[in-house]
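For clarity, every value in this text was computed on a predicted model and none was experimentally measured. Here is the naming used below: chain letters follow the sequence lines, and residue numbers restart at 1 for every chain.
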Amino acid sequence: MKELDQLIHQPTRLQIMASLTAIGRDDQADFAYLKQLLKLTDGNLGAHLTKLEAAGYINISKKFIDRKPRTYVKATDKGTEAFNDYIKTLKKIIKSR
Amino acid sequence: MDAENASESLKAVTSAQSRTKRAISARMTSPYLILWGAILTAEFLLTNFYLRYAGWIFGIGGSLGTVMTFLFVRLQLKAGPVLPTQQSKENIRLLWFWLILAAFALGWVFLMAPTNGAQVNAFLCSIVAFAWIVMGLWSDELPLVLLGAVIAVGTFVGYFVIGREFYCLWMAAAAGGIPLGWGLLSRYLWK
């Protein structure tokens, strides 16, 4: 059986990936909104996003809207695939019971 | 990892995904529900007391609502919880939606041939109900479909059962109060 992706397996990162894959393939989530939705602090969310970005699972971009910087986060194709594989593996484990 | 832990993880994922979808949907739709719910409530209540100004009341209310809707759309595109891509498929869906809505409106006028204010009014409210049902079906949001169905039933009951005397008060609650309450609830419960 395929090993679980340990990067996604961490509960907070699992929630982040679950939320990002739920919002739609091309859509980007606002950092501030994601923080509020997942009830995380700036630092905590930022740290987990950095790890996911380093693995190529998400893409972080900054935009200036009305001269104010806003950060947007999006799951990449690689990240979506890794997340789907993770779910498949979970289902296999459940079936093997 | 054993099967029990895997099952719990899967539940956590499903829950996070549905919470995200519901929260974003509530965030995107609640401003319109609150806006149009408040406008329709005010319009019907004012019409109940100043019937001869109904045309002005609905004209001004509708214009205000349309301007505010455009402002909300602009604000959400710029600073909403989700930034859609420019070529998002939703835009094409939205275009189709308005075309279907226009076809529905033309079909309704052709079939029903409204001859008085109450008919035109019921027609406008049925358009609102229809809009919520279609938007709910396209966004897989059953609560919106239900909301549209409740407004549609409320409109038909108001027109055919309640009668002229209490029609405006009934519609203030059915077409205005329900979406207003729904919008406020979803805004503050599902944030």
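Residues Trp132(B) and Phe130(B) fall within the same hydrophobic cluster, defined by Ile, Leu, Val, Met, Phe, Trp and Tyr side chains chained together at heavy-atom separations under 4.5 Å. Both Val157(B) and Phe44(B) are assigned to one and the same hydrophobic cluster, defined by single-linkage of ILVMFWY side chains at heavy-atom distances under 4.5 Å. Note on Phe58(B): it clusters hydrophobically with Tyr159(B), by side-chain heavy-atom contacts below 4.5 Å among ILVMFWY residues. When hydrophobic clusters are built by joining Ile, Leu, Val, Met, Phe, Trp and Tyr residues whose side-chain heavy atoms come closer than 4.5 Å, directly or via intermediates, Leu180(B) is not grouped with Leu46(B). No chain of hydrophobic side-chain contacts below 4.5 Å, direct or via other Ile, Leu, Val, Met, Phe, Trp or Tyr residues, connects Ile133(B) to Tyr32(B).
With a 4.5 angstrom heavy-atom cutoff, Phe31(A) does not touch chain B via any of its atoms. Looking at Asn5(B), neither its backbone nor its side chain comes within 4.5 Å of chain A, counting heavy atoms on both sides.
At a heavy-atom cut-off of under 4.5 Å, chain A is reached by no residue from residues 48-56 of chain B. Heavy-atom proximity under 4.5 angstrom to chain B picks out His9(A), Leu14(A), Gln15(A), Ala18(A) from residues 6-18 of chain A.
The CD1 atom of Ile93(A) sits 13.0 Å away from the CD atom of Glu4(B) when rounded to the nearest 0.5 Å. The CG atom of Leu10(B) lies 4.5 Å from the CD1 atom of Ile94(A); values are rounded to the nearest 0.5 Å. Between the CG atom of Leu20(A) and the OG1 atom of Thr20(B) there is a distance of 8.5 Å, given to the nearest 0.5 Å. Within the model, atoms CG of Asp30(A) and CD1 of Ile24(B) stand 10.0 Å from one another, a figure rounded to the nearest 0.5 Å. Going from atom CG of Leu37(A) over to atom CZ of Arg19(B) covers 6.0 Å, rounded to the nearest 0.5 Å.
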> What do the steps show when you test Lys11(B) against Leu90(A) for side chain to side chain contact (heavy atoms under 4.5 Å, CB included), and what is the final call?
Replying inline: CA-CA 10 Å; Lys11(B) 270 185 200 161; Leu90(A) 279 184; over 6 Å; no
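Nearest approach of Ala22(A) to Gln17(B), heavy atoms of both residues: CB-O, 3.8 Å.
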